[in-house]
Structures are given as structure tokens and as C-alpha cells.
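Here is the structure we will look at, set down as C-alpha cells.
Computed from a predicted model, the values in this text were never measured in an experiment. Below, chains carry the letters A, B, ... as their sequence lines are ordered, and counting in each starts from 1.
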Amino acid sequence: MQSINLNYNSMQLTPLEIIRRESLQKLRELGINPYPPEEFKTTTSIKQIISNFEEFEGKEVILAGRMMSRRIMGKASFAELKDASGRMQIYINRDEICSDEEAVMYNTVFKKLLDMGDIIGIRGTVFKTNVGEESVKVKELTVLSKSLRPLPVVKTDADGKIHDAFSDAELRYRQRYVDLIVNDTVKETFIKRTKITTSIREFFNERGYLEVETPILQPIPGGAAARPFKTHHNALDMPLYLRIANELYLKRLIVGGFDAVYEFAKDFRNEGMDRTHNPEFTVMELYVAYKDYNWMMNMTEELLEKVALDSNGTTEMKIGKNDVSFKAPYPRVPILEAIRIHTGFDVAGMNDIQLKEVCKKVGVEVDETMGVGKLIDELFGSKCEHHYIQPTFIIDYPKEMSPLTKKHRTNPDLTERFELMVNGKELANAYSELNDPIEQRERFEDQLKLSEKGDDEAMFIDQDFIRALEYGMPPTSGIGIGIDRLVMFMTNNSSIQEVLFFPQMKPEKKAPSVELNDDEKVLLELLKATTPILLNNLKIKSGFSNKKWDKTLKGITKHNLAKVNATDAGLFVEVV
RNA sequence: GACCUGGUAGCUCAGUUGGUAGAGCACCUCCCUUUUAAGGAGGUGGUCCUGGGUUCGAGCCCCAGCCCGGUCACCA
């Protein structure tokens with residue numbers, strides 16, 4: 001983008017950056033390419049050495065990584081090298097890496113021209129220092145990439161206590177690359193995230209379930225109730241929406257004859273952002289033919305137990321202040337039972353008027369647009385949800401709030417649906433899927449009525465999806481698991497931003513321009529008319545307020561267009 | 001969207017009824033061959049988020065705005 005390029009061109013360098021650019025130039029003058037093109041072949045990784053130290057001791061290794069700290073002591077130095085696998089100390093001795101008289105590689109390149117953050121390669125032998133620290137004695141040093149910006153300096157003391165941590169949330173999210181370099185725990189979070197998704201894939205693939213991809217750009221944003229992002233396709237000249245869910249597409253595939261399909265889907269919802277909501281987020285949805293929601297509950301227990309073990313090595317977890325166990329089985333509580341337990345009211349079979357009465361009594365706010373489903377959802381959400389810390393299936397939701405769910409086998413007012421609650425939050429949502437096309441059309445029409453009544457979350461009708469159901473979909477159970485939320489639980493993070501590499505942020509403000517502003521131009525013209533001029537006279541001529549005067553004069557002196565001279569006769573300003 | 005915190009050096013942070021902008025680390029110069037939050041001596045470095053205002057004088061007070069975070073509201 002043009003504006004960004006302009007910003008870079010007009011960027012004012014800090015003294016630290018200028019020094020590094022000068023070092024870069026000097027490296028080139030010494031005939032060292034600071035960005036060499038050749039492959040750099042390493043023989044092992046830091047983690048390998050640390051975890052098999054006896055095997056490596058005395059042997060030669062070649063490593064590459066970022067220099068994270070440096071302690072120079074005359075003719076010898078220690079530095080910390082960090083590669084993708086870990087950190088370890090390297091020992092650099094002048095006479096080991098240099099044979100020439102001037103010892104250029106040590107005295108000039110290592111001591112003067114390299115900086116913290118530079119990427120280097122080393123060849124040397126593994127040894128242990130007198131103090132017992134595992135290290136590599138460097139015999140050869142190669143510059144692999146010069147770093148032009150100083151990294152934050154984060155130090156860890158002998159007790160493992162971190163000093164001057166790079167902790168500003170805004171900087172960490174905007175410059176995640178820096179966060180990943182200096183904050184090791186951040187990297188661990190994201191490695192764990194991949195372990196979790198890998199664990200889920202393994203679980204499904206072993207069962208022969210098929211991983212698929214379905215459209216993100218959808219003409220009708222179906223499968224959930226949420227405000228979509230809208231975009232436009234130029235060639236077709238039609239609106240398209242970023243998907244809010246992929247449910248209806250996966251069910252079409254079940255119609256098409258796949259027994260089990262799943263997708264890790266980025267979904268998009270144009271709604272508020274907070275600690276647990278990002279406009280784009282990841283949901284794993286799975287559909288399995290010939291199963292029901294009871295089967296799905298059993299599978300979910302098994303899956304989560306495995307995910308906990310694969311990612312953390314245990315089913316027992318600390319989430320915030322709570323101890324949570326993912327050991328199966330999990331209790332199954334009908335939603336109306338939960339409401340009875342936590343409010344004292346049995347709302348089974350109540351109509352909307354009676355429900356509003358109950359809401360009023362227990363202090364839950366309601367409005368006219370709310371139907372039975374929404375009222376029950378509201379009661380559960382504000383009075384019950386937060387009580388379910390241990391994994392608990394809340395089951396048998398009312399029909400009104402579940403337009404894609406099959407009617408309950410014993411009670412036609414309810415549906416075969418469950419939500420899995422963990423730590424007081426929803427983690428998964430699953431149904432015995434509605435496969436009766438005639439009833440599905442009726443449910444959609446009920447949603448349309450809700451929408452006309454003012455419910456802006458009611459679902460859109462997808463005619464093609466109904467057509468697919470009319471060809472016949474086997475009885476099927478489906479589930480959606482919020483992956484970001486699952487990762488939050490498994491890594492004990494309370495903010496979704498901590499488990500997304502690049503959480504959504506408002507743009508940074510523009511870098512200051514080197515262009516003169518209008519006030520500065522005016523002042524410079526005045527100055528050019530009479531130069532040198534007594535400072536106070538120029539101030540009076542400008543007519544600027546004190547603050548504006550001060551800022552503007554500082555502005556043009558900073559650009560080196562004018563300077564102030566102190567003489568016996570007073571302060572004079574002149575053009576340079 | 002509402003309310004509350006905060007925004008000062010590359011990083012982490014101080015900053016006194018409003019009176020010339022500070023510390024630690026980093027950086028620069030010098031000393032130092034198994035150190036480790038290495039150490040010792042000296043030094044450089046600032047759009048105090050932005051724009052107005054009050055004042056002889058604003059990092060600090062007032063007004064408007066921007067950005068992060070938190071709480072609530074909204075929301076699968």
C-alpha cells in the first residue's frame with residue numbers, strides 16, 4: 001500500500017537503528033555479506049544437544065539461530081544462541097575463531113558489528129563450563145542475517161524469574177513476531193495449539209472420518225444465527241458473505257454419501273469483540289451418519305480425554321482458579337433441570353408469558369421480541385451456565401432455539417441437542433441432526449417469523465439445503481467444537497488473543513511525516529524575510545499562541561532549516 | 001455501544017500544590033580468557049499518544065479525539 005511505503009521512506013531512525021545500519025555497512029566493507037544466499041547446513045539442534053549432552057560432549061556441531069544476549073570479557077565472550085528448539089550458551093574465544101594478527105572476526109565483527117538479535121551460524125565443540133553450564137566452544141562464526149531493530153531485552157535470573165518482560169499487550173499483539181522471539185511461553189502456547197488440532201485429526205482419521213473443505217464465501221450465510229460480513233463479487237455482480245458456519249455444507253456431503261466428514265473451519269461473525277470473541281475464529285465441525293446425540297456425547301468424552309493427554313500429559317487441568325478434570329464420563333443435565341436447580345422454577349411446558357414472569361422474578365431482563373427459546377436461553381445463560389465448571393453436557397434444549405435439530409424422541413417440545421459446558425463456558429454444541437425436509441422447512445419458516453418480529457439473529461432460509469434434504473439424509477449426529485476456546489482451556493489462557501497468532505486490531509496510527517506542516521511553512525517564510533531575527537520579534541510576528549510557537553519552532557529546528565543562537569544581545573533565529 | 005485504567009527513552013517503569021524530563025536494562029567508549037540478571041569507569045539517547053485551551057511557565061490542570069487493556073451490554 002502506498003501510504004505504508006511512504007511511512008517507511010519517511011521513517012525517522014532511532015540512534016540504535018542508525019548504529020545497526022552503520023554496522024551493516026561496515027560488514028559489507030569487510031567483504032561479509034550480512035544476508036548470504038547460501039544454504040547453511042546445521043548438524044543438530046539445541047534441544048538435541050541439551051537432552052543428550054553426554055553423547056554430544058566433546059563432539060563438533062554446527063548450529064544456527066538468533067543471538068539473544070552477549071557477555072563480552074576481553075578476549076573471550078559468552079552469548080546465548082536461540083534456535084527453533086531452545087536456547088543454549090556459546091563460548092567465543094578470540095584465538096579460537098581468529099588466526100590473523102588483527103583478529104578481525106572477534107574484535108571487529110563479533111564485538112563491534114554484531115548485535116543482540118542477529119542471526120548467526122556457528123561451528124564448534126560441545127563442552128561444559130567450570131560453572132557447569134552446557135555450552136558450545138565456537139571455532140567458526142558466520143553472519144546469516146543482520147537485525148536492524150533492537151529487540152526488547154528480557155532477562156531471566158537464576159531462580160527463573162523474568163525481568164523486564166516484554167509485556168505490553170498492544171505491542172505483543174501488533175508485533176507477534178517479537179513476542180514469539182522473546183517470550184518463550186508464547187511459542188509454547190501455539191505449539192500446544194497445533195498439538196491439540198493434530199490430536200483431534202488423529203482421533204478422526206483413525207476412525208476413517210474424512211477431512212474436507214467447504215466454501216468460505218457463501219451466497220447465504222447459514223448454519224448459525226449471527227451477523228455476517230458481507231462482500232461483493234465483481235464478475236458475478238452479486239453479494240457474498242463470509243461464512244458464519246459450515247454446518248449446512250457438511251450435511252450436504254452426508255447427503256452425498258460420505259459417512260463422516262469434518263472440517264477445521266475459520267468462521268466469521270460481525271459482532272462485538274472481547275476477551276472471548278474475535279471476528280474470525282476456528283470451529284471444528286464433525287458429522288457422522290447413523291449416529292445420534294447420545295453417541296456423540298460418548299465420542300466427545302473420549303476425544304477430550306485424548307486431547308488433554310496429548311497436549312498436557314494429564315486429564316487434570318488448572319483453568320484460572322479452578323481445577324478441571326477432563327476424565328470421562330461427564331454428567332448429563334437436561335437444561336430445564338438445570339434451570340430448576342439454579343432458579344427453583346420448573347419452567348417445563350411454560351408459554352412465553354409465564355416464562356417472562358419467571359425471568360422477572362429471578363431478575364433476568366427480557367424484551368418483547370423474545371420467544372420461548374430465547375427466554376429459556378436467557379435464563380440458563382445468566383443463572384446456570386457459570387455453575388458448570390467441570391465438563392457437563394447440558395441436554396434437551398427447547399425446539400424454538402434449535403431450528404436444525406431433530407425433535408426429542410420422547411418430548412416433542414424439546415430437541416436432541418447438547419452443549420458441553422466447561423469452566424462455566426460453552427465449548428461444544430451438538431445435535432441429532434434434523435433430516436425431515438418438511439419439518440426443516442417449517443422450522444426455517446418459524447425463524448422467518450421471529451425475524452419479522454424483530455429478532456435480528458434469526459436464521460436465513462437456504463432453499464438448496466432443503467432440496468438436498470429432500471433427496472434424503474441418513475440419520476446423522478453433528479458437533480461443533482470451538483477450537484480457540486478449547487486451546488484457551490488447555491493452555492490456561494483467559495483471553496482469545498493469547499491463542500491467536502494475529503488477533504484483530506485497529507490499525508496503528510501513521511508514522512510522523514518529515515514534511516513541514518502549514519504552521520512550520522508560515523514561520524519559515526517569516527524567518528526568510530528577515531534573518532537573523534530576534535527570537536521574541538519572530539514570535540510576535542507569527543502571532544502564534546505560546547504552545548503553537550514552541551512546537552513550530554522546535555519543528556523547523558529539528559528539520560535543520562533554522563537554528564537559534566544565543567548572543568549577548570539576546571536569542572537570535574536564523575535560517576541554516 | 002457505555003463506563004473505568006493506562007499511553008513518558010529501544011524495553012520495563014518512576015515523575016513531588018504546575019517550575020530546565022529520571023532510573024534499571026539496552027546502546028556507545030574504555031578495562032577484563034570459563035562468565036551468567038557477569039562486573040568496573042565514563043557517555044549518548046525524548047513528538048512525555050494527538051490537537052486545542054488555561055498559565056509568565058503544562059508530562060502534570062481543562063476540552064476534544066486516537067489507541068491498548070478491563071468491566072458491562074450485545075453476540076454462538
Quiz item: How would you list all residue pairs meeting salt bridge (charged side-chain N to carboxylate O under 4.0 Å, His left out) that involve residues 67-76 of chain A, not counting sequence neighbours?
Solution: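 Output for this query is empty, none listed.
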
So salt bridge (charged side-chain N to carboxylate O under 4.0 Å, His left out) across residues 92-104 of chain A, not counting sequence neighbours, yields none

Could you tell me how far apart [X] ([atom1]) and [N] ([atom2]) are, to the nearest whole angstrom?
X	N	atom1	atom2	result
A:Lys506	B:G1	NZ	C1'	11 Å
A:Arg176	B:C68	CZ	P	15 Å
A:Asn278	B:G69	CG	P	11 Å
A:Met68	B:C25	CE	C1'	14 Å
A:Leu13	B:G45	CG	P	16 Å
A:Glu80	B:A37	CD	P	12 Å
A:Arg275	B:G70	CZ	C1'	8 Å
A:Asp168	B:G7	CG	C1'	9 Å

Under 3.5 Å donor-acceptor, A:Lys59 side chain and A:Val126 backbone:
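Judged by distance alone, no pair lies under 3.5 Å.
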
Looking just at side-chain N and O atoms, do A:Tyr173 and A:Glu498 make a donor-acceptor pair shorter than 3.5 Å? yes

Counting the atoms with a prime plus P, OP1 and OP2 as sugar-phosphate, which does [X] contact under 4.0 Å by heavy atoms, base, sugar-phosphate, or nothing?
X	answer
A:Phe166	sugar-phosphate
A:Arg417	base
A:Ser167	sugar-phosphate
A:Ala245	nothing
A:Lys137	base

What pairs of residues pass the ring-ring contact (aromatic ring centres under 6.0 Å, His included) test when at least one of them lies in residues 93-113 of chain A, not counting sequence neighbours?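 Output for this query lists A:Tyr106-A:Phe110.
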
When A:Tyr173 and A:Val154 are each assigned the nearest nucleotide of RNA chain B, the 5'-most assignment goes to A:Val154

Of A:Val131 and A:Leu151, the one whose closest nucleotide on RNA chain B sits nearer the 5' end is A:Leu151

- Quick one: is B:G69 close enough that its OP1 or OP2 comes under 4.0 Å of any side-chain N or O from A:Gln497? yes

query: Has A:Lys155 got a side-chain N or O lying under 4.0 Å from the OP1 or OP2 atom of B:C25?
result: no

Letter by letter from the 5' end, nucleotides 27-33 of chain B scores (B base, S sugar-phosphate only, - none; protein heavy atoms under 4.0 Å) S-SS-BB

Using atom types as modelled, flag every donor-acceptor pair under 3.5 Å from a side chain in residues 150-159 of chain A to any protein atom, sequence neighbours excluded.
residue: A:Asp157; atom: OD1; partner: A:Asp159; partner atom: N; Å: 2.9
residue: A:Asp157; atom: OD1; partner: A:Gly160; partner atom: N; Å: 3.2
residue: A:Asp157; atom: OD1; partner: A:Lys161; partner atom: N; Å: 2.9
residue: A:Asp157; atom: OD2; partner: A:His163; partner atom: NE2; Å: 2.7

Applying side chain to side chain contact (heavy atoms under 4.5 Å, CB included) to A:Asp446 and not counting sequence neighbours gives A:Lys449

Q) Mind checking who B:A23 pairs with, Watson-Crick or G-U wobble, both distances under 3.5 Å? A)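 Its partner is B:U12.
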
